[in-house]
Engineer: 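The structure is given below, and queries will be raised subsequently.
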Amino acid sequence: MAKLARFNWISFLSMLCLIALGTVAIHSAGQARTGEVFREMWVSNLATAGFGLVVYFALAFSDYRRLLAWTAVPMYVFAISVLVAVLAFGSTVYGGRRWLWFFQPSEISKLCVICAVARMYGGDGLFESIRTGFGGFAAGAAMLALPCVLILLEPDLGTTLVLIPSVLLMLFAARVWRRGLVAVLLTLSVAAVAVLGLVYEAERPGAPPGRREAIMKFVPLKDHQIKRVRVFLFPEEDIHGAGYTLRQAKISIGSGGLTGRGLRKARSNMLKYLPESISMNDFIFCVYAEETGFAGSIALLSLAGLLLLSCAWTAHISTDGCGRLLALGVTALLFAHFFVNIAMSLGMVPITGLPLPFISAGRTFLLTAMSGLGLVQSVSIHGRETTK
Amino acid sequence: MSDSSPVVGDFSVLGTALAIAIGLATLGVRLYGIQVLESDRYADAGDVQSVRSVLTGGERGRILDRNGNILAENRKAVSIVLTPDEFKRSTRNATMSGITGAIDRVASAVGYRPAITDRAIERHVRQSPAMPMFVWRDIDDATLAKFCEREPGFPGFSIEETFERRYPYGSAAAHVIGYVGRDTADAGESRYHYSAQEMKGRSGIESYYDGYLRGVPGETRIVVDSRGYRVESKVVVEPKYGLDLRLALDIGLQLAVERQLAGETGACAAIDPRNGDVLALASSPSFDLNSFVPTLSRELYTRYADDPAEPLLNRASGGSYAPGSTFKPVTALAGLKAGYPEDAEYECTGAFAYGSMQLRCARRWGHGLLDIRHAIKESCNTFFCNLGADIGTNALVSAARAFGLGSKTGLDLGVDAAGVVPDAQWKMRTYREKWYYGDLVQMSIGQGMLLTTPLQMARVAGAIGTGYLVLPRLNLEIPVERTKLPFAEKDLAVVRDGMRMVVDGGTGRLGGEGVPVAVAGKTGTAEVGKGERRRKNAWFIAYAPAENPSFAIAMVIENGDSGGGTTAPKVDAILKRVFGDG
């Protein structure tokens, strides 16, 4: 009973609500499809959520410290192994080598890396002695860089883009060598701005011929990624080509109006203006927003806010360094997913393939997210035992 | 706390919470902009790409004759159509080959050749995949049976009922009624994305009164998916029926006229000179209007187009002929108006000489002394050459123009030739030549460069009878328009006497019995062409009853013998039909 008293109900209930919204959205998105597997996707997704709940409670009611003490290093090794395996044996879907048998290693690896970092920097971990010095910084940078490079090779830019800030935030919170972290942050920011600037100069309408080629030599992105940056910079250009998806996403979201068109009445989805390949996954927010309108969007944002802030609260009230880092990392990761996914549907950030937590169809990430929240719940329950 | 300096400071957690709040709020603000402030703009953009407006034609009105007989109506036609949705594949090429293969299968089953080209299919699939595509229009019952008895049928094909035009009288009055085609107007010009191919008048009344006969189109909205295929459709505006049009034409009379023209090349116009009603307007040879339904076959088109007799030409109101001696009453009136006394005489010696030329009279040894009435009766060339020469070009031309010659009659039909009333200016403009005395003399007897249509000459005959030139009309709703002729009543009486005498023992003797009313007429035998190609066009114009005319007619037979011999008996037969018992 003592455990139940510390149970973070807000976090749990808002997660359930989001899963419910997701089930409805996946059902709607599936109705536009002809394949039975897609029409029934909501069922399998719900079943996964059921299994996820078992995992959630199992993790929540076991002490994360004991769990991580034993598993953090194996988890990290496992993550790196599957990331290598997917590059070797994975199957290619929509241009990315992301699937290994029945799951996506990059999704799992995110949580594994966060757990490992939390364990290593959480107070009595391996890196405690070097935590605040250059050594701690270098070790953390290496822990982050290895999976990132592997994920980038898939390529899956989106996952790296949410993992890097999440882990950097954890290292920052763990008081790792600040100058190093600031330098990394600055370097990444400058690099991002430089890429945007270079692509802008190269793709600007009326740019002199030959400039594009001259500039692109310095942009370390793949063609489809450059296209996405270009669409982000010039959304009105090429609305039948690269800009088509973003335009359809905005039409879909905007058509929802204040109260939405009603369930299964999202026109962009039902008439397949929103490409089938993404309507259930990365762009499911468009389907949801067209059906439920601004009211539904606000409801979803509020639930996400409740969930994230309650997790942050868990981090806040925890007195254990590892628990705090773990809760913070999971919170940051989920927030990055929520923010980047919705923002890309709105054209606020370049399009990257990232699922919307609990809403997008995708069993690997659903289980990852629920496991992450289970661990946060465990922090809420076990992370406050200050005096024993 | 076990650690005096916690591993994770509160600042990081609070900062994260703040970032979350700001981030989600930013999304909320942007969503407010797109979903509330700019919602209409995005919804409109969605409409533009997914909603198509289709113009659906209303049923076309019928064309009736003056007694209510149906000249043109609609019948239900059965067509085999293909629904492109059913052949939808991931690529257009795959869709295309699926469709052409399916059409070939149906073609061999029903025994038709594919009537639609690959290019037409491709265009249809590209431009309007939401619309059914007509593969075979207006199929016959046997083919329909073959199509329907096939089990399990042809997926993607179906039967669609449309309206096709039907002309119960076939070739009768074909030039007047005209035919329809499918309206292929570019849909891009209107706000409609597609228009159901409506019937559009292509000639004759069908064309002239197209706007009247055509129904008011309705509108159907079709929702299409991202590839343009139909998802659902809704009738927004029901189409309205077009209006029926009643013509002045009397189909019975028209048939009688056409019987007289059968086998000849020629034309005939019959009007009611009191109100301008066009009772019959016939041109021979003719064509079957039903051969244009649903579309004229290429071979038939070639046959029509290559036929030297030009069956598609409406000679009655669009054919220009030298009027020959039927013009002489006009010359006579010009003379009387110019002051030539009605009992003054010229002597005919059998020829009229001018310069080095000689213009022969019909009677080689001459008519001797003739007054104006007898000159009309005997159609004496010498007399009218003299008379024309005396009064001069201006008097003759203004008389001809008073009868509406040289200008369009104003008939409510696209085909309305003006003909030619030549004068010095016209000749200079047209041939860069001076106007000679010979031109005047030739015009006096309806030859030379003078050209008229049968309809114009029927009007001339009627105008002499009534004293009024009338606007001919096919649509009974056009108000009657009559213009008083600028000739004295006593002058008209003289000419009427002459034309009565033509029929009673003159050049155009008519049978008499069977026509219980007095008829006035004038023959004409116009010579056209020179040397080997010299031919004669045989004319007869008449009005009846002579004292109070209700019927005026003009008929020309190309390559005839003479007006009196060839054409007068035909007109006689028509008059019997009009005024006789039968």
Side-chain angles (χ1 to χ4, degrees), chain A residues 121-123 128 131 169-170 172-175 247-248 250-258 260 267-268 270-275 289-290 293-295 297-298 301-302 304-305 308-309 312-313 315-316 318-325 327-328 331-332 335 338-339 342-343 346-348 386-387, chain B residues 1-52 85 88-90 129-130 221-232:
Chain A
Y121 290 86
E128 181 54 25
R131 181 160 59 92
L169 176 70
M170 290 171 80
F172 204 80
R175 298 204 169 100
R247 182 178 139 83
Q248 294 303 335
K250 282 163 123 180
I251 286 176
S252 184
I253 295 169
S255 301
L258 197 57
R267 180 172 58 183
S268 299
M270 294 308 283
L271 301 179
K272 298 172 191 172
Y273 287 94
L274 206 57
E290 186 172 353
F294 182 62
S297 305
I298 287 302
L301 288 182
S302 305
L308 295 170
L309 291 178
W313 176 251
H316 179 68
S318 171
T319 51
D320 170 54
C322 176
R324 286 195 136 190
L325 281 184
L328 206 57
T331 307
F335 170 61
F338 274 113
F339 183 83
I342 295 177
L346 296 170
M348 296 164 74
T386 51
T387 47
Chain B
M1 289 205 179
S2 60
D3 196 349
S4 58
S5 155
V7 174
V8 177
D10 282 345
F11 178 75
S12 306
V13 181
L14 288 176
T16 307
L18 198 62
I20 290 169
I22 291 173
L24 294 180
T26 309
L27 294 179
V29 168
R30 185 80 184 100
L31 279 164
Y32 182 76
I34 289 185
Q35 293 195 287
V36 179
L37 299 182
E38 294 180 276
S39 175
D40 290 345
R41 191 161 73 84
Y42 289 107
D44 287 349
D47 284 345
V48 165
Q49 67 184 7
S50 67
V51 179
R52 307 273 186 274
D85 303 36
K88 190 161 57 171
R89 299 285 180 280
S90 52
R221 281 206 192 120
I222 295 183
V223 177
V224 298
D225 69 13
S226 60
R227 281 191 286 166
Y229 292 104
R230 180 196 299 243
V231 177
E232 60 180 56

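Letters go in sequence order (proteins before strands), and every chain restarts at 1.
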Engineer: Relative to chain B, which segment of A/Ala343 carries a heavy atom at a distance below 4.5 Å: side chain, backbone, both, or neither?
Structural biologist: both

Engineer: Which of the residues A/Gly257, A/Ser318, A/Ala312 is involved in the greatest number of heavy-atom pairs with chain B at under 4.5 angstrom?
Structural biologist: A/Gly257

Engineer: Where on B/Asp40 is there a heavy atom nearer than 4.5 Å to chain A: the side chain, the backbone, both, or neither?
Structural biologist: neither

Engineer: Need one label for A/Ala327: side chain, backbone, both or neither, based on atoms under 4.5 Å from any heavy atom in chain B.
Structural biologist: neither

Engineer: Looking only at heavy atoms, what is the nearest atom pair of A/Leu328 and B/Ser12, with distance?
Structural biologist: CD2-CB, 4.3 Å

Engineer: Of the backbone (N, CA, C, O) and the side chain (C-beta and beyond), which part of A/Met348 lies under 4.5 Å from a heavy atom of chain B, both, or neither?
Structural biologist: side chain

Engineer: Work out which heavy atom in B/Leu31 is nearest to a heavy atom in A/Leu301; give both atom names and the distance.
Structural biologist: CD1-CD1, 3.8 Å

Engineer: For a 4.5 angstrom cut-off between non-hydrogen side-chain atoms, does B/Val223 reach A/Leu271?
Structural biologist: yes

Engineer: B/Tyr32 versus chain A, heavy atoms under 4.5 Å apart: side chain, backbone, both or neither?
Structural biologist: both

Engineer: Using 0.5 Å steps for rounding, measure from the CZ atom of A/Phe338 to the CD1 atom of B/Ile20.
Structural biologist: 10.5 Å

Engineer: For each of A/Lys250, A/Gln248, A/Glu290, A/Met270, tally heavy-atom pairs with chain B at distances under 4.5 Å, and name the one with the top tally.
Structural biologist: A/Lys250

Engineer: Looking at chain A, which one of B/Gln49, B/Glu38, B/Arg41, B/Arg30 has the largest number of heavy-atom pairs inside 4.5 Å, strictly under?
Structural biologist: B/Gln49

Engineer: Where do A/Arg247 and B/Ala45 come nearest, in terms of heavy atoms and distance?
Structural biologist: NH2-CB, 4.4 Å

Engineer: Sort out for me which of A/Gly254, A/Ser252, A/Gly256 touches chain B most, counting heavy-atom pairs under 4.5 Å.
Structural biologist: A/Gly254

Engineer: For B/Tyr42 versus A/Ser255, what's the shortest heavy-atom pair and its separation?
Structural biologist: O-OG, 3.7 Å

Engineer: Taking all atoms of both residues into account, what is the closest heavy-atom pair of B/Gln35 and A/Ile253, and its distance?
Structural biologist: NE2-O, 3.0 Å

Engineer: For residues B/Ser50 and A/Arg267, report the shortest heavy-atom separation together with the two atoms involved.
Structural biologist: OG-CD, 3.4 Å

Engineer: Considering only heavy atoms, which portion of A/Tyr273 lies under 4.5 Å from any heavy atom of chain B: side chain, backbone, both, or neither?
Structural biologist: both

Engineer: Measuring from B/Ile34:CD1 to A/Leu346:CG, what's the distance to the nearest 0.5 Å?
Structural biologist: 4.5 Å

